[in-house]
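This report refers to the structure that appears directly beneath it.
Chain naming here is simple, since letters A, B, ... match the order of the sequence lines and numbering starts at 1 in each. What's counted below: heavy atoms across the whole structure, side chains too, no hydrogens, waters or symmetry copies.
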Number of protein chains: 2
Amino acid sequence: MGVYTDLREKLISDYATLSPQMQKAARHILDHPNDVALRSMRALARAANVPPSTVTRLMAAIGVDTWQQFRDSYQNRLLDLPASYAHRARALQNSEADIHRDAHLLQSIAQAEIANIGQAFAPEMCERMKDACEHIARARQVFVVGRGAAYPAAYQFAYAYRLFNENGVLVDGHAGAFGDQLRGIGPRDVLIAVGARPYIRDTVRAVAFARKQHCPVIAVCDSDVAPIAVDAVAKLVVSDSSPSFFQSFTTSVSVMQALVALLVARGGQKVLQRIAVAEEQLAAFDTYHEEAAPTRNSRS
Amino acid sequence: MGVYTDLREKLISDYATLSPQMQKAARHILDHPNDVALRSMRALARAANVPPSTVTRLMAAIGVDTWQQFRDSYQNRLLDLPASYAHRARALQNSEADIHRDAHLLQSIAQAEIANIGQAFAPEMCERMKDACEHIARARQVFVVGRGAAYPAAYQFAYAYRLFNENGVLVDGHAGAFGDQLRGIGPRDVLIAVGARPYIRDTVRAVAFARKQHCPVIAVCDSDVAPIAVDAVAKLVVSDSSPSFFQSFTTSVSVMQALVALLVARGGQKVLQRIAVAEEQLAAFDTYHEEAAPTRNSRS
DNA sequence: ACTTTAATGAAACATTTGTTTCGATAACTG
DNA sequence: CAGTTATCGAAACAAATGTTTCATTAAAGT
């Protein structure tokens with residue numbers, strides 16, 4: 001069981017000295033250790049976008065004679081892990097509390113997240129998501145509102161959406177301009193409102209205002225009868241149950257992301273091109289960090 | 001096609017009707033399920049003292065088309081993907097594309113989310129989260145930085161953290177004050193940086209600056225060798241793989257939330273009281289919508 | 001500028017893989 | 001008993017795997 005850690009550590013410590021292509025391979029291995037254990041070397045190379053020879057060379061570079069050796073150590077790691085996620089959590093529940101309380105809490109969180117995702121992507125919800133997309137695709141302007149803990153979900157959608165459409169508005173109420181941003185909202189627009197109990201007044205007001213202007217509302221919330229879901233054309237109900245003290249909006253983020261994915265899939269090639277343009281612009285603005293060129297002369 | 005529900009059950013129930021040699025193979029499979037997932041069919045046959053053809057025949061006998069299918073289900077069990085999801089997704093893949101393409105996409109997203117959560121909350125990562133909490137709990141000030149798509153994760157943490165501690169700073173670079181917000185950062189503070197490839201320059205710069213000031217860094221990122229993870233005291237690696245076009249930061253949000261939960265658990269009663277106070281304040285500011293009193297005649 | 005070196009991907013290579021074929025053997029049936 | 005069937009394993013097969021080779025290219029050194 002020590003073999004695995006050694007190889008992984010070696011991969012990390014030697015990373016800087018590796019050639020660019022080997023870095024690509026090493027990185028994929030570090031990020032997808034299970035691929036090493038379960039898939040073939042060639043399959044891994046394909047996934048990493050690297051010729052098979054590079055992987056072989058990488059083995060030599062980190063002092064491993066053969067891919068089989070490397071793979072074995074990763075398989076052992078898999079075998080050391082308790083078999084099942086559910087089993088893991090259950091086992092922890094039965095163990096002494098003090099040392100494992102943290103671990104138990106984390107496992108509970110993970111379990112809750114998975115359960116929430118499962119509910120949010122149940123068949124009926126998927127149908128509702130598709131309906132929601134129809135409305136969004138037809139809309140003149142797409143407003144998104146989410147305050148407090150729900151803000152990340154709203155932001156996430158607005159950020160991604162703006163990469164391929166210019167008619168998205170994140171109603172974030174900066175500088176108190178909460179009302180301003182909704183000015184002009186009407187029947188041909190759509191408002192996506194994110195919130196869960198306790199509902200934040202601003203969000204409820206925004207929904208009420210939109211409804212009064214006959215603007216269709218898509219509600220991402222915790223109940224079919226949530227105040228922001230009344231008369232909504234699509235109610236995307238996400239469970240926010242969490243063992244932690246706070247309500248969990250992570251599932252809302254997932255749902256918002258799924259909406260974006262649906263829109264992109266619907267938009268086809270044209271949307272992809274727009275995204276490419278947006279990315280170019282970001283690169284031109286020097287937004288992204290250029291990865292360090294592999295230090296050639298810094299080898300040990 | 002057909003009975004994917006549980007191949008192991010099928011093996012057990014049909015065991016009596018199988019030919020002696022097939023029973024030998026079946027028995028070995030039942031006794032050594034991991035061999036199915038990790039080793040080759042021929043290797044398994046050797047271990048079971050059976051010619052390869054027997055295994056192939058066994059597959060046909062239990063109604064499985066190909067060894068690959070069989071092996072996949074055992075690999076999934078190892079990876080602990082909830083079976084229902086894997087199967088649902090696979091079933092949809094085989095269905096007519098046009099109507100179900102959206103459904104398939106959504107199922108893939110759900111599946112990916114669950115897999116990502118599973119990885120992020122693997123035992124080793126849980127250890128790292130606990131380490132990270134130690135640093136946060138000791139810190140004089142807690143800085144959080146995340147730009148672009150990673151912003152929701154950073155925001156989520158800052159928002160929740162501020163409910164029970166006043167030493168949290170969300171480095172969001174509003175009004176270009178990106179540098180200002182990091183002024184005074186030092187060895188007794190901690191910087192939590194969230195980001196994935198492509199890394200946004202601001203985030204990388206923030207990390208570099210913090211490191212120069214000898215401030216410990218907690219990196220929530222997509223790789224052990226991410227630029228923002230260099231020399232980090234805790235590297236929380238979250239996979240951002242997603243079938244959608246965009247990288248998925250939902251797992252990062254989950255991890256950030258888990259950090260908060262750990263901190264709250266660690267803080268005990270005192271923290272809970274502070275949260276109660278914070279909520280009272282919010283209520284006093286009229287932040288929350290008062291739910292309509294259940295109208296008497298609107299019984300469910 | 002030229003030489004030397006390192007890096008890279010395509011192709012070739014020998015194995016190994018999962019599957020199929022086919023003759024041999026055993027078991028059962030009439 | 002003969003004849004049919006079911007079972008089995010060796011061999012053949014195409015497809016894949018992991019590795020090595022080699023020519024080409026890009027970078028460093030002189």
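Residue contacts shown for B:P20 are limited to sugar-phosphate atoms, with no base heavy atom under 4.0 Å away. In this structure, B:S19 reaches the sugar-phosphate backbone alone: every heavy-atom distance under 4.0 Å involves primed, P, OP1 or OP2 atoms, never a base.
In this structure, A:L58 atom CG and D:dG18 atom P are separated by 14 Å, rounded to whole Å. Between the C1' atom of D:dA6 and the CE atom of B:M22 lies a distance of 10 Å, rounded to the nearest Å. Taking atom CH2 on A:W67 and atom P on C:dT15, their separation rounds to 21 Å, with Å as the unit. Atom CZ in B:R46 sits roughly 16 Å away from atom P in D:dG9 (whole-Å rounding). Atom CD of B:Q69 is separated from atom C1' of C:dT19 by 14 Å (rounded to the nearest Å). Rounded to whole Å, the distance from CG on A:D72 to P on D:dG18 is 12 Å. The distance between atom CZ of B:R57 and atom P of D:dC8, rounded to the nearest whole Å, is 8 Å.
Here the side chains of A:I29 and A:L58 are in contact, with some heavy-atom distance below 4.5 Å.
Comparing D:dG18, C:dG9, D:dC8 by their nearest atom to the side chain of A:Q21 picks out C:dG9.
With hydrogens and angles ignored, no donor-acceptor pair closer than 3.5 Å exists between the side chain of B:R71 and the base of C:dG18.
OP1 or OP2 of C:dG18 has not a single side-chain nitrogen or oxygen of B:Q68 nearer than 4.0 Å. In this model, the phosphate group of D:dG9 is approached by a side-chain N or O of B:T54 to a distance below 4.0 Å at OP1 or OP2. Dashed line: the shortest gap from a side-chain N or O of B:S53 to OP1 or OP2 of C:dT19 is not under 4.0 Å.
Near DNA chain C, defined here as any heavy-atom distance below 4.0 Å, the residues from residues 37-45 of chain B are B:S40, B:M41, B:R42, listed numerically.
A:R71 places a side-chain N or O within 3.5 Å of a backbone atom of A:R39 that can act as its donor or acceptor partner. Side chain of B:R211 to backbone of B:V230: a donor-acceptor contact under 3.5 angstrom is found. In this structure a side-chain-to-backbone donor-acceptor pair under 3.5 Å is present from A:Q75 to B:L38. A donor-acceptor pair under 3.5 Å links the side-chain atoms of B:Q23 to the main chain of B:Y15, judged by distance alone. Not a single donor-acceptor pair under 3.5 Å links the side chain of A:Q156 to the backbone N or O of B:A149.
Salt bridge B:K235/B:D131: absent, no basic N to carboxylate O contact under 4.0 Å.
In this structure, B:P52 and B:L18 both approach DNA chain D, and ranking their closest nucleotides by distance from the 5' end singles out B:L18.
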